[in-house]
Amino acid sequence: MDIKEIKEKVLKAIEENKELILKAGQEIYDNPEFGYKEFKGTQIVANFFKNELNLKVEEKIAYTGCRARTNEDVVGPKVAILGELDAISCSDHADSNELGAVHACGHHIQIAGMLGAATGLVKSGILKELDGQIDFIATPSEEFVELEYRTKLKESGKIKYFGGKQELIYNGAFDDINMAVMFHALDLGDKKVLTGPVSNGFIGKTVKFIGKEAHAGSAPHEGINALNAAMLAINNVHAQRETFKESDRVRFHPIITKGGDIVNSVPADVRMEAYVRARTIEGMIDANKKVNRGLIAGAYAVGAEIEITELPGYLPILRHDSMEEILEENLNDLGLKDYIIKGGDFTGSFDFGDVSHIMPTLHPMFGGINGALHTRDFKVVDEEIAILMPAKALALTIVDLLYNNATKAKDILSNFKPAMTKEEYLSFIESNDKTIKA
């Protein structure tokens, strides 16, 4: 069977099953769950793999999440298509649940698109024409939130890392995977797809300012005000902003999660969570040192103590042009040539950046939505563009990679030098997992 015929069969299978695909996405949307709590979502995806595609499924791959495998008896490169399961918190969104959870980042779109690509590749009957393997993975916990809950999971030995793809890399889920692809939703206006995005990485941190309680009205001189320490600390970081290189795109954004106990006592226990983001690993490390210096100085100024717990955040997304070229050809064939934005610059972070440091990856952004991510305005307005088009584009790209003795995949892999080995990657993120006391 020639490649044109294979691709036509894949597209036909997606079109014939589009209602099934969209229904699965809606079911994920109707059951939003925060990271490492995606028990319903995991089951929805696992049931689709089993009941609709007759695939063997492995569940609880990183506490939650699941994967399905194809072509296991075929010798050749393995490509993974990923979709993310978790929701975010936005209680002002019309569709948020009683916990404020809602898929206002579009992860339900990713899951539906991943299932759509799987449907096209499996139900078309063309897998035997491909000289490689394909894994479909529903990944947990992309949003770096609910740190107290994840800390408890870590302390009980249920997880090692707070990010789902970090956990998957650590536990060996990517050890036999050679390439990985996924997509994200984004409001692109009158365009339909953005290719080749790059992003910031970040180091997370929780901070505890430790003061001394006293009566705030009659004896404040007997206390040490931990809230003043925190406010000074934030201002100390602000005072250093001009020292951050423009090219590093540094961002520091803290929140006070506890400001004290009661209003008539000097605050003695004040808590903060923060991210330090930058475009490069070197920039992340440099900015983080300056931020810690400012935080510690804030505590020192009022005589407080401080505990800074560093948390391994995510690495910047790297662009792999060899993968982008294959995707772009398929986007053109799908009629999107005049609707493409080439190159995107994001100061947010994605845990797929970690994967991009150890293997060739692809991470386009598709439109079909209105409103900014993580806001009450987010909504899907065109399921064809948001879900079905990326399903088609990624499925066709995998066909190109694995057709004809997987020539294109092998060419990419033979010329690929990872930014880090798995061992180097784990060593780096482990170095950011520490507590500083002063």
Side-chain angles (χ1 to χ4, degrees), residues 33-39 41-43 45-46 49 55-70 72 77-87 105 107 110-111 113-115 117-118 133-146 149-150 153-154 156-184 199 201-202 204 311-318 349-363 394 418-430 432-433:
E33 299 163 299
F34 295 130
Y36 290 131
K37 296 178 179 177
E38 309 100 333
F39 303 108
T42 297
Q43 204 56 56
V45 176
F49 285 145
L55 296 177
K56 184 170 67 176
V57 180
E58 178 187 358
E59 298 184 41
K60 298 180 180 179
I61 56 173
Y63 192 62
T64 55
C66 63
R67 75 192 292 169
R69 293 185 166 102
T70 68
E72 288 188 86
K78 179 184 281 190
V79 185
I81 305 182
L82 280 55
E84 295 160 352
L85 286 164
D86 58 329
C105 198
H107 289 180
Q110 294 177 359
I111 292 292
M114 180 265 289
L115 293 176
Q133 303 171 43
I134 310 167
D135 277 11
F136 306 105
I137 309 178
T139 66
S141 192
E142 193 275 335
E143 305 291 349
F144 205 84
V145 297
E146 292 198 311
Y149 166 71
R150 297 184 195 189
L153 288 181
K154 182 177 179 180
S156 65
K158 293 181 172 68
I159 62 171
K160 171 74 171 174
Y161 296 111
F162 288 5
K165 295 183 192 65
Q166 293 175 327
E167 188 73 5
L168 288 166
I169 294 171
Y170 168 74
N171 69 25
F174 283 100
D175 285 359
D176 65 344
I177 292 173
N178 305 110
M179 319 169 92
V181 303
M182 64 174 294
F183 73 98
H184 208 290
S199 74
F202 77 92
L311 303 168
Y314 304 154
L315 301 186
I317 281 187
L318 303 180
S349 308
F350 311 85
D351 66 349
F352 196 60
D354 295 47
V355 182
S356 76
H357 277 70
I358 61 177
M359 67 180 64
T361 56
L362 196 59
H363 189 272
L394 294 185
M420 293 179 173
T421 64
K422 175 185 174 180
E423 291 71 26
E424 290 169 338
Y425 164 77
L426 292 175
S427 175
F428 173 75
I429 62 171
E430 191 67 27
N432 290 312
D433 191 0

- From Met179 atom CE to Leu362 atom CG, the distance as rounded to the nearest 0.5 Å: 9.0 Å
- Note on the structure: Output for pair (Asn178 CG, Asp135 CG), nearest 0.5 Å, gives 10.5 Å
- More than 12 heavy atoms of other residues, nucleotides or ligands under 6.0 Å from OH of Tyr170: is that the case? no
- Measure the OG-CG distance between Ser427 and Asn432 for me, rounded to the nearest 0.5 Å. 10.0 Å
- Query: Mind checking whether Phe39 and Lys60 have side chains closer than 4.5 Å, heavy atoms only?
  - Reply: no
- Task: Mark yes or no for whether Thr139, through its side chain, and Gly164, through its backbone, hold a donor-acceptor pair below 3.5 Å.
- Result: no
- Closest contact, heavy atoms only, Lys158 versus Glu167: O-OE2, 4.2 Å
- Message: Angle between ring planes, Phe202 versus Tyr314, binned at 30° and 60°: parallel, tilted or perpendicular?
- Response: perpendicular
- Query: Roughly how far, to the nearest 0.5 Å, is the SG atom of Cys105 from the CZ atom of Phe350?
  - Reply: 7.5 Å
- Take Glu38 and Tyr63, measure what side chain to side chain donor-acceptor pair (under 3.5 Å) needs, and give me the verdict at the end. CA-CA 9 Å; Glu38 309 100 333; Tyr63 192 62; over 6 Å; no
- Query: Is there a donor-acceptor pair closer than 3.5 Å between any side-chain N or O of Arg67 and the backbone N or O of Ala80?
  - Reply: no
- Message: Please enumerate all residues that pass salt bridge (charged side-chain N to carboxylate O under 4.0 Å, His left out) together with Lys154, with sequence neighbours excluded.
- Response: Asp433
- Are the side chain of Ser199 and the backbone N or O of Ile317 linked by a donor-acceptor pair below 3.5 Å? yes
- Query: Any sub-3.5 Å donor-acceptor pair from Glu59's side-chain atoms to Ala46's backbone N or O?
  - Reply: no
- Message: What I'd like to find out is whether the side chain of Val145 reaches to under 4.5 Å of the side chain of Asp86, using heavy atoms alone.
- Response: no
- When every non-hydrogen atom of Ala138 is compared with those of Ile61, the smallest separation belongs to O-CD1, 3.9 Å
- Heavy-atom distance under 4.5 Å between the side chains of Val355 and Met182, does that happen here? no
- Query: Below 4.5 Å, heavy atoms only, C-beta onward: do Phe136 and Thr70 meet side chain to side chain?
  - Reply: yes
- Task: Compare every heavy atom of Gly35 with every heavy atom of Tyr149, then report the nearest pair and how far apart it is.
- Result: CE2-O, 3.7 Å
- Message: Is there a side-chain contact between His184 and His107 in this structure, where contact means two heavy atoms from C-beta onward sitting under 4.5 Å apart?
- Response: yes
- Item | Reported CD-to-CG distance for the pair Glu142 and Leu85, which is rounded to 0.5 angstrom | 11.5 Å
- Message: Do His357 and Glu424 make a side-chain contact, defined as non-hydrogen atoms from C-beta onward lying under 4.5 Å apart?
- Response: no
- Item | Worked verdict on Gln166 versus Lys160 for side chain to side chain contact (heavy atoms under 4.5 Å, CB included) | CA-CA 9 Å; Gln166 293 175 327; Lys160 171 74 171 174; over 6 Å; no
- Could you tell me whether the side chain of Gln110 and the main chain of Phe183 form a donor-acceptor pair under 3.5 Å? yes
- Taking all heavy atoms of Ile429 and all of Pro312, pick out the closest pair and write down the distance. O-CG, 3.2 Å
- State, with a plain yes or no, whether a side-chain heavy atom of Glu84 is found less than 4.5 Å away from one of Lys165. yes
- Query: With a 4.5 Å heavy-atom cut-off, do Leu315 and Met420 have their side chains touching?
  - Reply: yes
- Item | Rounded distance [0.5 Å steps], CG in Leu318 versus NE2 in His363 | 12.5 Å
- Distance-minimising heavy-atom pair for Ala62 and Tyr36: O-CE2, 3.3 Å
- What heavy-atom pair brings Thr42 and Gly65 nearest, and what distance separates the two atoms? OG1-N, 2.9 Å
- Item | Mutual orientation of the aromatic rings belonging to Phe162 and Phe144 [parallel < 30°, tilted 30-60°, perpendicular > 60°] | tilted
